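Worth saying up front: this structure is predicted, and the values here are computed from it rather than measured.
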Number of protein chains: 2
Amino acid sequence: MTTIADVAQAAGVSISTVSYVMSGKRTISQETRERVERAMADLSYSPQASARSLASRSTSVLGLQAPIRAGVDVHVVMQIVAGALKEARAHHHDILLLTSDDAAGVERAARAGMVDGVLILDVETSDPRVGALAELSIPAVLIGLPDAADDLVCVDFDFEAAGRLAAQRLAERGHQSVALLGAPPQVQARHTSYSDRLMRGFLAASEAAGLTARALPCPSGPGATEVVDAVLAESPDTTALFVHNEAALPFIAARLMGAADTGPVEILALSPAELALHVPGVSDVIDLPAETLGARGARALLDAIGGTRGPGAELIAPRFADPTG
Amino acid sequence: MTTIADVAQAAGVSISTVSYVMSGKRTISQETRERVERAMADLSYSPQASARSLASRSTSVLGLQAPIRAGVDVHVVMQIVAGALKEARAHHHDILLLTSDDAAGVERAARAGMVDGVLILDVETSDPRVGALAELSIPAVLIGLPDAADDLVCVDFDFEAAGRLAAQRLAERGHQSVALLGAPPQVQARHTSYSDRLMRGFLAASEAAGLTARALPCPSGPGATEVVDAVLAESPDTTALFVHNEAALPFIAARLMGAADTGPVEILALSPAELALHVPGVSDVIDLPAETLGARGARALLDAIGGTRGPGAELIAPRFADPTG
DNA sequence: CTGAAAGCGCTAACAG
DNA sequence: CTGTTAGCGCTTTCAG
């Protein structure tokens with residue numbers, strides 16, 4: 001194991017000089033800097049994270065609490081995690097995985113000083129973790145938008161605006177009766193933040209536009225077709241579906257493609273663009289920029305840690321996906 | 001922040017006594033132990049991870065390199081990660097996420113002393129990381145089974161045996177001509193370890209049993225049906241499909257369900273049981289125990305770190321899923 | 001059974 | 001522009 005002292009000796013300088021070369025926190029002569037950098041490379045030196053962390057009281061590690069729960073779309077979660085990881089790495093930070101569903105785990109990691117801040121996914125509208133997080137001694141960022149998040153930093157996709165955007169588009173297209181097929185029942189039952197907001201925006205804007213609209217939970221997988229059947233049975237005049245369930249989308253589209261028992265039904269999807277754009281039968285896609293969301297969350301957390309960012313919500317505005325993408 | 005010195009003072013003992021109470025590395029009188037534990041609870045003391053790690057030269061953190069690559073089934077990856085995380089937490093370890101596709105990242109984390117060992121997922125048959133890992137100063141466990149892994153600890157599902165088991169079962173059922181629809185083309189093109197082995201076992205056992213067998217890559221999602229069409233067009237006598245692609249399974253099953261243009265085609269799936277058991281049209285499932293795999297991997301890594309385990313492969317034997325599960 | 005004290009490798013005053 | 005040094009909080013000898 002090579003230490004900072006080895007490097008200092010090899011370069012013929014003191015250890016503080018080596019430290020300052022690494023941190024850039026004071027000016028070093030060109031020549032000295034080069035000697036030190038040379039020595040570091042020659043000895044293939046890596047600073048010891050624990051020593052650095054003990055002395056500096058910071059870790060360069062972000063905690064991430066990601067859900068592994070029933071009904072949660074794993075693609076979206078993975079993309080969020082990937083985005084957060086990429087952003088963190090770009091700023092020389094690592095990510096420590098915290099067990100889900102466990103506010104105590106976050107607190108443990110925080111108090112042991114293992115992380116400089118935490119990023120929390122899959123937040124519910126009335127999330128029990130929110131209170132605990134506000135008490136925490138370290139910065140926290142939620143990806144999601146709970147009700148009582150006044151003192152917290154939140155980053156999310158603007159699901160309510162997406163719901164409005166969808167209703168407006170469907171109204172423009174001349175539809176009269178439409179339906180939102182949303183997240184799986186378990187997710188809605190938990191009042192996951194995004195599901196509540198999407199529904200609210202969609203139903204409000206539908207009403208404002210004079211549309212007849214309904215909103216239903218929709219199971220992932222083949223079971224989705226039953227919901228389609230039920231909607232068309234109860235409201236046979238339905239001519240468009242707004243689908244927010246990536247794992248149900250292909251089944252819904254397949255059920256409707258050239259089906260003889262229904263009139264033409266248009267499908268508008270809310271989904272990561274690359275997952276929905278090439279599903280046959282889907283005519284329009286509002287992109288759910290999952291990776292961007294993760295990146296923004298990580299960025300917000302880094303800013304909060306740096307003290308350049310206070311409480312408040314940052315919402316990513318919805319956009320239609322570019323079909324050529 | 002409360003330190004070990006605060007606890008020692010509150011309990012009226014020395015800091016080494018507090019340390020030994022925590023580690024259990026020497027015998028402490030009942031009474032002293034209770035006083036110390038009391039003080040720790042009263043002050044809600046958490047030992048500082050970095051200080052502990054600096055002094056003890058170990059971190060209680062496992063590095064995890066998980067893939068986020070085209071075609072990889074995210075459900076399976078998530079389950080493996082969940083299993084590893086659960087096992088790690090059960091042994092008081094945490095998990096640091098390492099960026100995928102980046103051997104340098106593993107080395108960086110290792111040399112900075114951020115992790116006690118690394119767990120590597122999605123290993124390819126000839127994986128460039130294998131050589132680098134063997135050089136590494138810390139224990140590594142692969143989930144997967146590359147060709148040249150002599151000096152490494154490997155844990156995997158026995159895909160080759162699963163291939164054989166599938167062929168045997170189909171032969172027992174009286175089929176004559178069968179086909180394996182496997183991982184997506186990108187995965188097979190990378191020669192991901194499991195895909196190669198599954199095919200080998202399936203084709204060999206098919207031949208031994210006198211079956212006519214083919215093996216093809218199969219894209220995930222709706223595109224899977226085209227492969228089914230192609231197989232049935234080229235080999236119209238095919239009466240059974242062995243499917244190893246969770247994301248294609250429902251589409252394949254739907255394509256075949258009561259299709260007028262084909263004879264009855266039986267579907268045998270290799271998939272996490274809970275994902276495949278309730279897909280209509282799937283008659284039999286060989287379970288892919290993803291969460292167990294992650295847990296075994298983590299366990300193997302902990303054992304390797306503890307020095308109670310040397311190089312070698314541990315393969316989990318295939319089993320048919322219990323349909324009542 | 002318990003204490004005292006020497007580090008672990010680094011950062012950041014303080015002192016030129 | 002550079003060096004000296006006092007910690008950071010803990011583990012673990014060494015000494016009772």
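Ion pairing between A:D158 and A:R197 fails under the 4.0 Å rule for side-chain N and carboxylate O. Contact check on B:R38 versus B:E34 returns no salt bridge, with no Lys/Arg side-chain nitrogen under 4.0 Å from an Asp/Glu carboxylate oxygen. Under 4.0 Å is where a charged nitrogen must lie from a carboxylate oxygen, and between A:R296 and A:E87 no such pair does.
Among the nucleotides D:dT5, D:dC8, C:dA5, the one closest to the side chain of B:I15 is C:dA5. Taking the side chain of A:Y20 as heavy atoms from C-beta on, and the options C:dG9, C:dT2, C:dA13, the nearest nucleotide is C:dA13. Side-chain proximity of B:S19 to C:dG9, D:dT2, D:dT12: nearest is D:dT12. Checked against D:dC14, C:dC10, C:dC14, the side chain of B:R26 finds its nearest nucleotide in D:dC14.
Following rounding to the nearest Å, B:Q48 (CD) and D:dC8 (C1') show an atom-to-atom distance of 9 Å. Note: CD1 (B:I28) to P (D:dT12) measures 14 Å, nearest angstrom. The nearest whole Å value for the distance from the CE atom in A:M1 to the C1' atom in C:dG7 is 13 Å. Between the C1' atom of C:dG7 and the CZ atom of B:R52 lies a distance of 18 Å, rounded to the nearest Å. The separation between B:I4 atom CD1 and C:dT2 atom C1' is 14 Å, rounded to whole Å. Spacing between atom CE of B:M40 and atom P of D:dG9 amounts to 18 Å, rounded to whole angstrom units.
The phosphate of D:dC1 (OP1 or OP2) has a side-chain N or O of A:T27 nearer than 4.0 angstrom. The phosphate of C:dT2 (OP1 or OP2) has no side-chain N or O of B:T17 nearer than 4.0 angstrom. Between D:dT2 and A:S29, a contact under 4.0 Å exists linking OP1 or OP2 to a side-chain N or O. OP1 or OP2 of C:dG3 has not a single side-chain nitrogen or oxygen of B:S16 nearer than 4.0 Å. Residue A:S14 has a polar side-chain atom (N or O) positioned under 4.0 Å from OP1 or OP2 of D:dG3. A sub-4.0 Å separation between OP1 or OP2 of D:dT11 and a side-chain N or O of B:K25 is absent. An OP1 or OP2 oxygen of C:dC10 is reached within less than 4.0 angstrom by a side-chain nitrogen or oxygen of A:Y45.
Side chain of B:R111 to backbone of A:S44: a donor-acceptor contact under 3.5 angstrom is found. For the pair A:Q65 (side chain) and A:L121 (backbone), a donor-acceptor distance under 3.5 Å is absent.
Between A:T59 and A:G113 the shortest heavy-atom distance is CG2-O, 3.0 Å. Minimum heavy-atom separation, A:G294 to A:I143: CA-CD1, 4.2 Å. Looking at every heavy atom in both residues, A:H93 comes nearest to A:D116 through CE1-OD2, 4.1 Å.
Contact of A:R57 with C:dT11 (side chain to base): no donor-acceptor pair of N or O atoms is detected under 3.5 Å.
Considering only heavy atoms from C-beta on, B:I138 comes within 4.5 Å of B:V115 through its side chain. Residues B:L96 and B:L62 are not in side-chain contact: their nearest non-hydrogen atoms beyond the backbone lie 4.5 Å or more apart.
Residue contacts shown for B:T32 are limited to sugar-phosphate atoms, with no base heavy atom under 4.0 Å away.
Pairing analysis of DNA chain D (Watson-Crick: purine N1 to pyrimidine N3 plus N6-O4 or O6-N4; G-U wobble: N1-O2 and O6-N3; both under 3.5 Å) yields stems of 3 or more pairs at C:1-16 with D:1-16.
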### Task
Check the pair A:E314 / A:R299 against salt bridge (charged side-chain N to carboxylate O under 4.0 Å, His left out), numbers first and verdict last.
CA-CA 11 Å; A:E314 167 184 344; A:R299 170 65 72 98; over 6 Å; no
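Checking B:S56 against A:L54, the closest nucleotide of DNA chain D that is more toward the 5' end is the one next to A:L54. Nearer to the 5' terminus of DNA chain C, by closest-nucleotide assignment, is the contact made by B:G12 (compared with the other of A:M22 and B:G12).
Residues from residues 108-117 of chain A placing a heavy atom under 4.0 Å of any atom in DNA chain C do not occur.
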